2 protein chains.
Amino acid sequence: MIKPDIVFVAKLAGVSPATVSRVMNHPDLVHPATRRKVELAVEKSGYIRNRAAQAMHGRRSATIGLVVPTVANTIFAEVVQAFNDTVSAQGFTLLLASHGYDLDSEYRLVRKLLEHRVDALAVVGLDHSAGTFRLIAEQRVPLLALWNYLADSALPCVGVDNREAGRLAAEHLVTLGHRRIGMVFPAIFDNDRARDRKTAATAVFRAAGIELQDRWQVEVPYSIAQAKAACLELLAGEDRPSALLCANDVIAQGAIYAAARLGIAVPASLSVIGIGDFAGSAQMEPALTTVRIPAQQVGIAAGQAIVTAIGRPDPDFMIRSRVELELIMRASTGIAAEMIRP
Amino acid sequence: MIKPDIVFVAKLAGVSPATVSRVMNHPDLVHPATRRKVELAVEKSGYIRNRAAQAMHGRRSATIGLVVPTVANTIFAEVVQAFNDTVSAQGFTLLLASHGYDLDSEYRLVRKLLEHRVDALAVVGLDHSAGTFRLIAEQRVPLLALWNYLADSALPCVGVDNREAGRLAAEHLVTLGHRRIGMVFPAIFDNDRARDRKTAATAVFRAAGIELQDRWQVEVPYSIAQAKAACLELLAGEDRPSALLCANDVIAQGAIYAAARLGIAVPASLSVIGIGDFAGSAQMEPALTTVRIPAQQVGIAAGQAIVTAIGRPDPDFMIRSRVELELIMRASTGIAAEMIRP
DNA sequence: AGAGTTTATGAAAACATTTGCAAGACTGTT
DNA sequence: AACAGTCTTGCAAATGTTTTCATAAACTCT
């Protein structure tokens, strides 16, 4: 039993290969009766068209490359899912690659995706190596930055403004009267999202005349376990902050668990705010106050943007779309203790 | 500026296209000096080889298709990541598809992946439609079932024995003296993982002479929010179970949050056990007792299995690998109140 | 009924690569 | 110096599709 060709199907249907091809790609160009014959032959032979051959002809490969730091983190899983659903509905398949926050390996991954002749490429964030950019420019593949929005970015981008996220979170704490503030962030060297959030928050605190104590600033990766461990240490003594601004909800969850373990009442003695509003943040006890990043919306908008870009003939057609943030006040933040007069 | 061909590179290097091809695929067959020349030409021209053309020739496409219910759920994100890392290290790229627990759309997705001529296919679970199976058999693509292990499965599989998972969890509750037991599970109609867990647990309870009350059995999807809502209702009255066996950790987290909200002490007045040991389960307060499914190990083992299967000439080379489960006792389960004599 | 127009199909070139075969260039041995 | 063997390389066929062009058939209108 040999795998059926397009010419095998053509013979079976008594037509030419060209006609079979047309039935698959431009059904309206062929007579209904012939179409029926061909469809029958396809059915009967179990023919599955070969996208590789199709792609080789210079046609679409019908794949889109997506590069994420990791998919294991709640942060990206949701956006990947929404993005996949959106482009999948348009007939595209996702080629996934993850680099674990390593820009060098990102270059290799992008190269690999280009070898597969993806019709477009989406990457997370705006920070990428020069080599990566050069590669993509040379190949003239539409490129989209996901997750971040920046009005004056070099890349087309769909996402949220992380500076605003940092600002919203910081302003909330300031409004509640907190002045003894700790920040729990990952390394910001090659993570533009964390960097934008942190610098914006810092600026707000400075403007409010709040001095950030070095001993209350800690650096942890995006991991509940490590965030909890770090916060257990941070919150152990008497001299602790009254509020914690966390780079994202995963870290914030760790912080809340640390407080629970130490018997520190949240929000009575400690306020905690996150960024992201991940699955579970609304349900935990106390429910997490956070800046909501609508991951679904980002994924969908990005999917739509990239599909329209693929349709366009001009190679660097620019889309830029900002998804709105929203401060979600829940139970993990409250008025600073020193503000409450008896 | 035209995109460089293999013949363009060949000209630049002063050799034939065949030689360039050999440099890319069988470097040991060509003289070091020539190889150097070609590599230089590749570098200089920015040539990126076309996998589509390569795949068309009947060679490997260097892609592996992965079909999951969803990637947005912590359950699968981790295993997807480990699987991807493993096959990626061997030069393969992942073609991802998700069907949202819908077996009909699974058929279409598998078809789409086969159009791309994936070198192998991995799917989650052992329950699949007849159409899906037929399709894959016809195409002679190595197929691997991920996540589940069954000694007598029709498919090669790498994963854990879900019946054992259910058994371990149930036995733990029985050992602690619980007899008033609730179960929180998703619909088991087309989810073999949930079904295996539930039937095994039920069998254990029956053997121990425990009668399961219908009013304590609830059905919820894998969602923290819905699990919490359902458990709030289940635990509201006086007449409630002393222990909850949850289909997985996501549901168990929802249950614990519900108890916290209602002021029910865990584990003093209510024990909760999950299955999975997802990220965060160990850190939450109280830390979740659960049956650990080593997602990383499953992903890695599956990746290795599938890569070796691709190497094999025989189409249905069978691998079957069982990953071990482990009961992790933490703080969310305790001895049943009625067992404690003053 | 005939000219003009539209619609439906087929032949063949093109796409970018791999590989079996064969020939030429070396190597070492006698 | 001739021979046998081993390396290295190029030629050309093959892979499965799409698309342009041409042609034939089927309408439409006067």
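In what follows, chains are A, B, ... by sequence order, proteins preceding strands, each numbered from 1. No experiment lies behind these values; they were computed from the predicted model shown.
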Phosphate contact ([N] OP1 or OP2) by [X] side-chain N/O below 4.0 Å:
{"X": "B/N50", "N": "C/dC15", "result": "no"}
{"X": "A/H26", "N": "D/dT19", "result": "yes"}
{"X": "A/S16", "N": "C/dT9", "result": "no"}
{"X": "B/T19", "N": "D/dG10", "result": "yes"}
{"X": "B/Q54", "N": "C/dT17", "result": "no"}

Atom pair distance, as rounded to whole Å: [atom1] in [X] and [atom2] in [N]:
{"X": "A/R49", "N": "D/dT15", "atom1": "CZ", "atom2": "C1'", "result": "18 Å"}
{"X": "B/R22", "N": "D/dC7", "atom1": "CZ", "atom2": "P", "result": "15 Å"}
{"X": "A/H31", "N": "D/dC27", "atom1": "NE2", "atom2": "C1'", "result": "13 Å"}
{"X": "B/N25", "N": "D/dT9", "atom1": "CG", "atom2": "P", "result": "16 Å"}
{"X": "B/R60", "N": "C/dT19", "atom1": "CZ", "atom2": "P", "result": "11 Å"}
{"X": "B/I6", "N": "C/dT18", "atom1": "CD1", "atom2": "C1'", "result": "8 Å"}
{"X": "A/L29", "N": "C/dT7", "atom1": "CG", "atom2": "C1'", "result": "10 Å"}
{"X": "B/M24", "N": "C/dT18", "atom1": "CE", "atom2": "C1'", "result": "13 Å"}

Any salt bridge linking A/R134 with A/E138? Criterion: basic side-chain nitrogen under 4.0 Å from a carboxylate oxygen.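 Judged by the 4.0 Å cut-off on N to carboxylate O distance, A/R134 and A/E138 do form a salt bridge.
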Regarding B/R195 and B/D127, does a basic nitrogen lie under 4.0 Å from an acidic carboxylate oxygen?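 Salt bridge between B/R195 and B/D127, a charged N being under 4.0 Å from a carboxylate O: yes.
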For B/T86 and B/Q304, does a side-chain donor sit closer than 3.5 Å to a side-chain acceptor?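 There is no such pair between these side chains.
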Can you confirm whether the side chains of A/S153 and A/R320 place a donor and an acceptor under 3.5 Å from each other?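 Judged by distance alone, the side chains do pair up.
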Using a cut-off of 4.0 Å on non-hydrogen atoms, how would the nucleic acid contact of A/S21 be classed: base, sugar-phosphate, or nothing?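 Base contact - A/S21 has a heavy atom under 4.0 Å of at least one base atom.
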NA contact type, B/V20, heavy-atom cut-off 4.0 Å: base, sugar-phosphate, or nothing?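 Nothing, no heavy atom under 4.0 Å.
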Output the single nucleotide from C/dA16, C/dG10, D/dT9 whose closest atom is nearest the side chain of A/M56.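 Nearest to the side-chain atoms of A/M56, counting from C-beta on, is C/dA16.
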On DNA chain D, compare the nucleotides closest to B/G14 and A/H57; which residue's is nearer the 5' end?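 Nearest-nucleotide comparison on DNA chain D picks B/G14.
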Considering heavy-atom distances to DNA chain D, does B/V30 or A/A18 have its closest nucleotide positioned more toward the 5' end?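 With B/V30 and A/A18 compared, the 5'-side residue is B/V30.
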D/dG16 base to B/R117 side chain: any donor-acceptor pair below 3.5 Å?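 Between D/dG16 and B/R117, which were checked side chain against base, a qualifying N/O pair under 3.5 Å is absent.
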Please check if the side chain of A/D192 supplies one atom and the backbone of A/L126 the other of a donor-acceptor pair under 3.5 Å.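 Flag set: sc A/D192 to bb A/L126 pair under 3.5 Å.
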